[in-house]
Structure formats: structure tokens, C-alpha cells
Amino acid sequence: MFDSIGWVEILIIVVAGLFILGPERLPSAAAWLGKTVRQVREYATGAREQLKQEMGPEFESLRKPLEDLRELRNFDPKRAVTKHLFDDPEPTKSNGYPTPSTPPAPEQRPLAPGERPPYDPDAT
């Protein structure tokens, strides 16, 4: 919920609250805010549990499309590419068949003192 709020923003809110409410009323305002947020969370949890009890197994089938929508909303191209490249155990071609595994690259050894690096005239 508060993923985009950093410590600097929280500090600014506290300092603004200190100036607006004063040091006498700030602790009671923070306690009221905490109690209200906790109460809203309890209401949401109670409503979800009641809906789950009334719907039974259909609740999970209703929840699956919502989870898919949440994944689309949080779509990050960098994360998608990383997941596709590193989490996919067996990459497949567009036709559905597995791609042939590429042989591992030969190990490169460090150059000996005075040894020149390999030179490819076609690459330059």
C-alpha cells in the first residue's frame, strides 16, 4: 500500500504534523490514526471472511481472475524479462518444442604476462 512512500516523505509528514497540531496533540492524533487504520483493516478482514464462508469453494474461483488482474496491474517489463530468462526451466520455441540446449562457453583463462589478446580482423 505504501510502497512509494519513503523515509523522507514520512519525516516531512511528521514535521508538518508537529507544526500543524503542535507537540501536545500530535501523539493523540497519531494514536487515533493508528486505531482507525486498524479498525478499517479488521472490517475488511471480517468482510472477506464472511464472503468466503457464504460462497464456499466458489470464492477461490472468483479470486483467481482478480489475482491475474493484479499481476497485470503490477506488470514490470524488467521483471517479466528477468523471469522469462532466469526462471523458465526449459525454454520453448513458438511451435511448442523445446529449444536445443547450447553448449557451455569454453572457460577463458587469464592472459599470461606479455601475451596479446586474440584479434579478429572481421569484427573490427
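By the side chain to side chain contact (heavy atoms under 4.5 Å, CB included) test, Leu111 pairs with Glu115, Pro117, sequence neighbours left out. Here Glu54 pairs with Gln50 under the side chain to side chain contact (heavy atoms under 4.5 Å, CB included) rule; sequence neighbours left out. Thr45 pairs by the side chain to side chain contact (heavy atoms under 4.5 Å, CB included) definition with Arg48, Glu49, not counting sequence neighbours. Among residues two or more places apart in sequence or in another chain, the side chain to side chain contact (heavy atoms under 4.5 Å, CB included) test is passed with Leu18 by Pro23, Leu26.
The hydrophobic cluster around Val8 extends to Ile12, counting ILVMFWY residues whose side-chain heavy atoms fall within less than 4.5 Å of a member.
The stretch residues 8-36 participates, sequence neighbours left out, in no side-chain hydrogen bond (donor to acceptor under 3.5 Å, both in side chains) pair at all.
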